[in-house]
Amino acid sequence: MLKRRTIKFLVVFMLLALAFTLIAGCGSGSKGKEESKATDSKTVKVAFLGPLTGPNAMQGVGARNAFKLAIDQANASGKLPFKIEVVDLDDASNPGTGASVAQKAVADQDVVAASGHWNSPVAEATIPIFKSAGVPLVIWGAIRPTLTSKENYPYITRVCPTQQQENLPLANFVINELGRKKWAIISDTTTYGKSNTEAWKNEVKKYPGAEVVSIDEIQVGQNDFRPILSKIKAANVDGIYFGGVVMEAALVRRQMVELGMKDMLMVGISGIVDDKFIETAGKEAAEGIIATKPGKSISKLEGGKAFEEAYQKAGFKEPYGAYGPYAYDAANIIVEALKQVGPDRNKLVDAIAKISYNGLLGVTSFNEVGQTTNVASTIYVVEDGKWVDWDSSKYKSGERKLPGSK
Amino acid sequence: MSLVLSQAINAIMLGCTYSLVGIGFSLFFGVMDIVVFCAGDVAIFAAFSITALVSIVGLYAALNLALPPFLSTVLIVIAGASLTGVLMLALYRLVIKPFENKSALMPLLSTIASGVALRELIGIFYPQGRNPQTFPQLLPGGALSDFAMISWRNLIIIVATLLLVALLYLFVNKTKIGLSIQAVSQNREAAIMVGINWQQVVLITFLLGGFILGIGGFLVASYYDVVRFDMGSMYGLKGFCAAVVGGLGNVYGAIVGGLLIAFIEVFVSAFVPGGTAYASVAAFLMVVLFILFKPEGVIGEKTIEKV
Amino acid sequence: MINKAGAQLSRSLMAIAVSLGICLILYIALVSPLPITLLVLAIFLGLIVMGERSGGIEKIYAAMEEHKGEALVVAGIFALLLPLLVSGNNYLLHVVVMGGIYSIIALGLNFQLGSTGMVNFAPAAFYGTGAYTSAVLAVKFGISPWVGILCGLFMAALLGIVFGFPALKTRGYYLSLVTIALQVIFTLMIINTDWLGGPNGIPGIPGYEIFGFSFRRPLEILGMRLPYQTNYFYLVFLLLSLAALAASRLYNSRIGLAWNAIEQDEIVAATQGINLTKIKLLAFSIGAAFAGVAGALYAHYTSFIGNEDFDFNKSLVLICMVLLGGMDNVAGVILGSLLLTIIDEKLRDFADYRMLMYALILIIILIARPQGLLPKRNRKYQIKQDNNEGYNVTVTAGGK
Amino acid sequence: MEVLRTEALTINFGGLKAVDGVDFIIGDEIVGLIGPNGSGKTTFLNLVSGIYKPTSGKIIFQQEDITGAGPDAIRSKGIARTFQTNRLCLHLTVLDNMLLGLYSQQKTAWWQAIFRPAYSRAEIKAGIEKCFHILAHFNEELIKRCYDPVTTIPLIDRRRIEIARAIVGEPRLLLLDEPTAGLNAEETMQMIRDIGKIREDNRKISIIIIEHDMAVIARITDRVVVLNAGKKIAEGLFSEVSKDEQVRTAYLGG
């Protein structure tokens, strides 16, 4: 026989449980209603997705800050009939996590547009989710070429250039103008690194006499590159192409100097154009490193000064990083589209795809697959501890000589 | 030839960094019969503490006003290592002691979890902790000679490792407490029977182990010039492998194990075409084979299981 | 007689009530914001502990064992209605689907970790094998995902035998390290193998289809439009039920007993005629097969897989699920997996603190309740004792 | 009739010959294995039950050479054993421990366990009945406690369960390693009675028993074999062997 007390206890427990369910149910229900009412007059949500934790947090947080800055500016301008709220979601550079947060974003009916991702695999995972929910996604940092495609248009657009678009001018510059022909490639095992290896190999092939002597793949988070560098030193190349991101690049350069390879040219793409590179590699070691970055240099851009000042003023702790400006423009493009058609997912998809927006990076518009047509690129070189536009550097004028110059 | 030589030097340096963590693992395992899996994270914690002392508190600059740079470096390293010694004690009290005499799986999991917690705490509370931090250059960087590129720093790292091992040897074999540690690690019950204060031995082991891990963290960070909040997991895993290859519980075996793993990694990435990506695979594969076919380690003796 | 029937009825009612209560707790945990979720879980844990202190929980367990059928039916109905209860919120459904997938893996892992006491740190590798097998077959060879499930199961079981091999030679820490090493090697090999998409992963994996109905399309029943996750929810739920049934039957068979015996004392087990090699490899391969099925489901559910989904951290999470729920307790393992998946998702709102809280929760559980939410139960066989002369063993279905 | 025979059975641990060229034979009888500590008695049982592999020599069980077979195969062929230190699975119930003894007799494969046909159900049912039958033989009380974990059972009953576990699978040969160790005088007597009952019930079980208590040996064995330093030094009736000079020095002089 059951004791009376046990039954009583169970009954009370069940009642409590039911009460909880009701409260929780009503709570979320009524909240939902209130907010949807509010949508018409007050708040619109825009999702930002990126790596806010994990190994690439540096990139994600910088871009998030820039994104928020743009939205805050739009809210402060008072030109919008509603307030925009940023929902920032951490994809942790993990496709599974990315898919999960993307589900979360599209489940919230108030989220009308999203901007996301630094990692291409994460974007691959979330694109179907945004597509099926009909939420426009503006990619700010993932550079794998296939992300934007006919199937994904018009839902998916991208403000940053693809890897192919990045490597092309750099190869032309170092092989044709500088005449360096024998290359060693070091890149990381991420998508970013692997597609850089691919792109660089293909570019080098185009030039007669140029060749790739060795390819080494490293892990992000690896700290010791001396074995690889010792090997490359013995192979006597004209330069090292680094297809990875800031920290590993800085360590590679630092250890090159340590191993007596200071007089060897090192080049990279946008992933390493960051003050952190110079800081970590050391001012002297970094001298004469060449890298390319899409778009014109911030200082040359019309709004560049204003952007930097605003960023400083907003009091963000972290630097905006290599992709901050893209996230900034992505945010502004979404705001612009919101201005045009209001907070409606379907209308926004078309509005964004057809936009022509004059922002920080210049005029951005998207081609037939949603890829930005704004792909001007600039060659940078490190001079006295700063990334300097090649055209205005002492190297171009011949006052200084690049590592390995005869 | 010089390529092989320079790669060998790379390997020895890497091996030194692995073996220090390996020694920590072996010390704890010998005395407590448990694997303290957060050792790598504890070492990295030391590196972060030293970074903080130097670049945030400005201790190095302050000390340099009164002392020669060498001495202030030593002081700071001792401060950092003592901090990890205390941290190790705290960890023992919080996440290891509750599992005494329970399934061996539990302290393993709890230390893995505390390793994650330690990592995350650094990431959250250290200013910009999730970004890699440049490690202050406390050791002189200049080259000793052009031949095979031995720098002062590398020399110091090797000498410091050897010195540490020598001191450990003296401590364990010549002091009363050291002998107690040895006794406990050989046979705990017997040691308790002859009146050794087991609790005290355990505490001292953890203090000592934490101290060694702290110095290991300092040396590894100096070698890499950089510290990352999540560096401890891989570093700890390699250190554990070093300890196992050397024979778990055998402090000196850990050095051999560390060198072996480092040599495999370096030579695979240097001399196998396209081998860089497979360096870690090769190292781990070797560890697996070792465990399967020579579980007592390189210099361990085979024991017969009593039924 | 009447009294006896009354007692029977009230026990049956209690079983139903408890089953419903657990469902409600899970439901509340799922739909509420984090603080309420944690509060509910704390109350739940408190109830269990209180029940254990007063001994009342034994009555509940007994009732649950006696009236398993009713309890399961209630839970089943609740699960069938769940998509309606969350009013088609696709995010919540996604969480439940993932919880179901993890439950299947955790059930498989339990054969090694819980039953046999072999610490396997590589369940994510088995999970990954299933996912990659099914995905590669579908994307590169156009083979139906349904066949892919079987192939994933088979490949994972094969890998289970390979990974299980060390377990024959080593135990304890050494085995843990070997499985950690194999797990790391697995991840590195996926990254290094371009044919498997390397770091890019495999995108565009097709979904399931049945008689022309694509699982990726919203489900329309009774004039209601439910998000496409509903389809997967029912599929995962079905497979989870089958997995739980298989796991519980294995537990109650001589195989489960042999696993337990190995966990307790290998030499004794061997001298009872248990072939250690065969039975240990069985624990690995059957467990891996479970994970392989889960992996195949996951691949065709998310449409994208990459190496990050199957790394060491995922293995750790899976181990925690088994530990939290209660080792060697089928209901516990499922409960643990569901709860941890839900908490994990809730903690997403605290991106930076998530892993920290996760680690702390694990440590607290280990210290405060190492036996897990639902501790391991002794096997019970239904035996009727007629009189002192004979023991009439009627039905031989085990407890739990 | 010969049940088990060993020929020049030898095992080396490093340099130590723990069992050294032992020729042993047992028929339908109870044989006591005696000798001073470290004389290789338990090692001999470990060799016969397959836990150790002999360095050289042969083990022949019912005309079949089983040298080098694993413990599980040997158990399946019909040699069961108990341990000196009473090795039960402490966290399993009494009934589970008993069912383990039936493992080698049952045939349900893993896939049958999953699909659970009527055949496997019947097998479990028959198994439990058999376990109860054997338990009833030793101590009725144990049946009532069949769902209690072994940790809660007193030592004498644990010894009984271990022996019951060994004989529930109907072995042809039973190896008992000091079944009375740790029992007091009264319990020892009970144990002797229990072992006697095994033989009375089933003449088809041969028993090798290791025992230090010479009173026990004298009462239940048909024959004894004396080991010293791994070598067989005497065999025959206990009353005769106990007078042997060599045996006396082995025990007294070391």
Side-chain angles (χ1 to χ4, degrees), chain A residues 51-62 92 185-189 193-194 197 214-235 245-248 250-251 253-255 257-261 274 276 278-282 285 316-319 321, chain B residues 1-11 13-14 17-18 120 123-124 127-135 137 141-143 146 148-151 153-154 220-221 223-231 233-235 262-263 265-280:
Chain A
L52 304 179
T53 59
N56 304 314
M58 223 194 305
Q59 302 285 350
V61 171
I185 298 178
I186 300 178
S187 50
D188 59 40
T189 52
K194 286 217 176 188
T197 307
S214 72
I215 299 173
D216 283 288
E217 291 182 332
I218 57 162
Q219 250 105 50
V220 171
Q222 189 176 329
N223 300 312
D224 187 17
F225 308 101
R226 292 171 184 93
I228 305 170
L229 293 173
S230 304
K231 187 175 73 180
I232 292 173
K233 189 183 180 191
V245 287
V246 178
M247 210 59 208
E248 285 75 29
L251 289 178
R253 184 60 193 169
R254 211 180 160 123
Q255 290 169 12
V257 175
E258 189 190 318
L259 294 177
M261 298 162 75
D274 192 303
K276 191 87 188 167
I278 300 165
E279 190 194 319
T280 309
F316 295 116
K317 279 184 293 179
E318 307 86 358
Chain B
M1 193 54 217
S2 91
L3 181 59
V4 176
L5 191 69
S6 64
Q7 297 293 17
I9 290 170
N10 291 333
M13 298 306 301
L14 200 61
T17 64
Y18 289 162
E120 292 297 315
I124 293 166
Q128 288 194 47
R130 293 199 188 274
N131 297 350
Q133 307 288 323
T134 314
F135 193 72
Q137 264 193 318
D146 279 342
M149 300 159 302
I150 301 178
S151 66
R153 184 183 57 183
N154 292 3
V220 76
Y223 183 57
Y224 291 153
D225 293 315
V226 70
V227 277
R228 304 171 199 250
F229 79 103
D230 56 354
M231 208 156 97
S233 61
M234 207 36 151
Y235 182 46
F263 263 93
E265 270 188 25
V266 167
F267 279 78
V268 165
S269 76
F271 297 113
V272 177
T276 315
Y278 293 90
S280 292

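Sequence lines set the chain letters: A, B, ... in the order given, protein chains first and strands last, and positions in each chain run from 1.
Of all the listed residues (A/Ile215, A/Thr280, A/Asp224), the one sharing the greatest number of non-hydrogen pairs under 4.5 Å with chain B is A/Asp224. Options B/Val266, B/Val226, B/Asp225 differ in how many heavy-atom pairs under 4.5 Å they form with chain A, and the most are formed by B/Asp225.
What you find for B/Ser269 and A/Pro227 is that their closest heavy atoms are OG-CB, 3.5 Å.
The shortest distance between side-chain heavy atoms of A/Val245 and A/Met58 does not fall below 4.5 Å.
To the nearest 0.5 Å, atom CG of residue B/Asn154 and atom CD1 of residue B/Ile9 are 8.0 Å apart.
Ring planes of B/Phe267 and B/Phe263: parallel class, angle under 30° (limits at 30 and 60°).
With a 4.5 angstrom heavy-atom cutoff, B/Gln137 touches chain A only via side-chain atoms. Proximity to chain A is absent for every atom of B/Thr17, based on heavy atoms less than 4.5 angstrom apart. Only the side chain of B/Thr134 comes within less than 4.5 Å of a heavy atom in chain A; its backbone stays farther off.
Geometrically, A/Arg226 engages B/Tyr223 in a cation-pi contact, judged by NZ or CZ lying under 6.0 Å from the ring centre and within 45° of the ring axis.
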